[in-house]
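The next block holds one structure in the form of structure tokens; read it before the comments.
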Number of protein chains: 2
Amino acid sequence: MARTEQQNQQIREARKEMIRVEALKQFAAKGFAGTRIKDIAQAAGIAQGLMYHYYQSKDAIFTDLIEDALDKLNQASIHVKNMDNLAKNKILYAIRKIYKTIETSERFKQTCCLIAQAENSTVIPVDVKILIEGKRDLPYEIIAEVMKQGQKEGSVVEGSPHELAILFWTSIDGLSIYYATHKNPGYMPDYKIFAAMFLKEKNI
Amino acid sequence: MARTEQQNQQIREARKEMIRVEALKQFAAKGFAGTRIKDIAQAAGIAQGLMYHYYQSKDAIFTDLIEDALDKLNQASIHVKNMDNLAKNKILYAIRKIYKTIETSERFKQTCCLIAQAENSTVIPVDVKILIEGKRDLPYEIIAEVMKQGQKEGSVVEGSPHELAILFWTSIDGLSIYYATHKNPGYMPDYKIFAAMFLKEKNI
DNA sequence: TTATATATTGAACTATAATTCAATATATAA
DNA sequence: TTATATATTGAATTATAGTTCAATATATAA
């Protein structure tokens, strides 16, 4: 016999993780169509053929990343939804958290960028389209609900909660794409400025 | 002899315009890497080979579109810069104009989306990179100047004018990408909500 | 040390997309 | 009508990228 099954599992998972890390970088920066398997393999320091020992196809890597990213985003959204607090504070918490994490975590920034690109792209694998179809709405719905709550509480500006949610997420998308591709800045603009779009009181 | 030179010129320009219209649609929806020459030709109703009678390469079509788009954006920015008015009004005018035009003109929406994608993509032809390098800054600079003017006049919120400009354009980018790829809505959220991010007074 | 299961490589293969080109169609000046 | 310059086609060619595979390396249980 050779290695135990457990050892192999461990190696397998470590390699897959390496591939995922590099693939995320590439997909976030270049989009699905613009990313080359060759480049991912090169960045991960392995032969191109080895990619297919761990992932069935380019589509499969992308699908894996997207599924993981959407799940994390949804989990975070649910966390905001379940907070026992004023809508105003939920909104401020969410924005601060997103801003802070984009600033401090390269991987999170790339993840935001990946989702933003995938949700707005028409040239992604059908599996991914279906995945997005099923998981995309929750963050929009939750933010819309929080906006509605805030309007009842008098802290959030007037307007369709759904439109406010679109404004919220599209602005986050735009920012994360910008900061994922522009190396220089590193720091994000003050989150309070962004929050002012939704909150009535300026003194936050 | 056959046709006069003038007649040929006319045909040539009409065909190029047809190609540009369809290419813009495709590039805006799929990005540079995700767009196929075959699809542009098909959409334009011509043989694939004919594309190369009018444009040297896929790169050349893209470059042509980007140059045109950047020039239009810069012209519009200069128009805002030269307005003899309070910063507050310049900002409101700019946002209202952009929102209104994204709403009413498919082509403008696609153009916004094209620029947003190109400026944030690392997989575009080098010529286009250079083009963007040279022409991208003006809209950012002009909005930053207007923000500074507004801060002096007391109408614009505190914070680095440059950061405010980034927030301005990345949010526009996010929105235009969203509305270019999601067919259903058609109408944009109220521009005043977006404007509230930058203006101190809520009663606009 | 040896046997063996799995990891790894790199070249071959296949699929897809960009580009070229020889052949043909077309419009108009003569 | 005819000659001819240019438009147009579609198939051939070339380039690029994804995938497969036979050969080889490696780690460890026995």
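In the text below, chain A, chain B and the rest are named by the order of the sequence lines, each starting its count at 1.
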Return whichever of A:Gly49 or A:His53 has its heavy-atom-nearest nucleotide of DNA chain C closer to the 5' end. A:His53

Assess whether a salt bridge exists between A:Glu17 and A:Arg107, defined as any Lys/Arg side-chain N lying under 4.0 Å from an Asp/Glu carboxylate O. yes

Phosphate contact (D:dT19 OP1 or OP2) by A:Tyr52 side-chain N/O below 4.0 Å: yes

Is any side-chain N of the basic residue among B:Asp64 and B:Lys16 closer than 4.0 Å to the acidic one's carboxylate O? no

Consider the side chain of A:Gln48, meaning its heavy atoms from C-beta on, and name the nucleotide among C:dA17, D:dT8, D:dG18 that approaches it most closely. D:dG18

Taking the minimum atom-to-atom distance to the side chain of A:Lys58, which one of C:dT9, C:dT19, D:dG18 wins? D:dG18

Listed partners of A:Glu22 passing salt bridge (charged side-chain N to carboxylate O under 4.0 Å, His left out), at least two apart: A:Lys25

Identify whether any heavy atom of B:Tyr54 sits under 4.0 Å from a base atom; if not, whether one sits that close to sugar-phosphate; answer base, sugar-phosphate or nothing. sugar-phosphate

Rounding to an integer number of Å, can you tell me how far B:Asp39 CG sits from C:dT16 P? 13 Å

A:Lys38 NZ to C:dA11 C1', in whole Å, measures 15 Å

Electrostatic pair B:Glu145-B:Lys148, nearest N-O below 4.0 angstrom: no

Just to confirm, is there a sub-4.0 Å distance from OP1 or OP2 of C:dT16 to any side-chain nitrogen or oxygen of B:Arg36? no

Write down the distance between CD1 (B:Ile40) and C1' (C:dT19), rounded to a whole number of angstrom. 14 Å

Expressed as a whole number of angstroms, how long is the span from A:Ile37:CD1 to D:dG18:C1'? 7 Å

Whole-Å distance, B:Ile46 CD1 to C:dA25 P, equals 19 Å

Between A:Tyr55 (OH) and D:dG18 (P), how many Å, whole number? 17 Å

Can you measure B:Met51 atom CE to D:dA7 atom P for me and round it to whole angstrom units? 15 Å

A:Phe62 CZ - D:dG18 C1' separation (whole Å): 16 Å

For the residue pair A:Asp173 and B:Tyr178, confirm or rule out a side-chain donor-acceptor distance under 3.5 Å. no

Salt bridge present between A:Asp68 and A:Arg20 (N-O < 4.0 angstrom): no

Taking Watson-Crick and G-U wobble pairs with both distances under 3.5 Å, convert DNA chain C into its dot-bracket string, 5' to 3', dots for unpaired and | for cross-strand pairs. ||||||||||||||||||||||||||||||

Less than 4.0 angstrom from a charged side-chain N to a carboxylate O is my criterion; do A:Lys200 and A:Glu158 meet it? yes

Is there a side-chain polar atom (N or O) of B:Arg12 under 4.0 Å from OP1 or OP2 of D:dT6? no

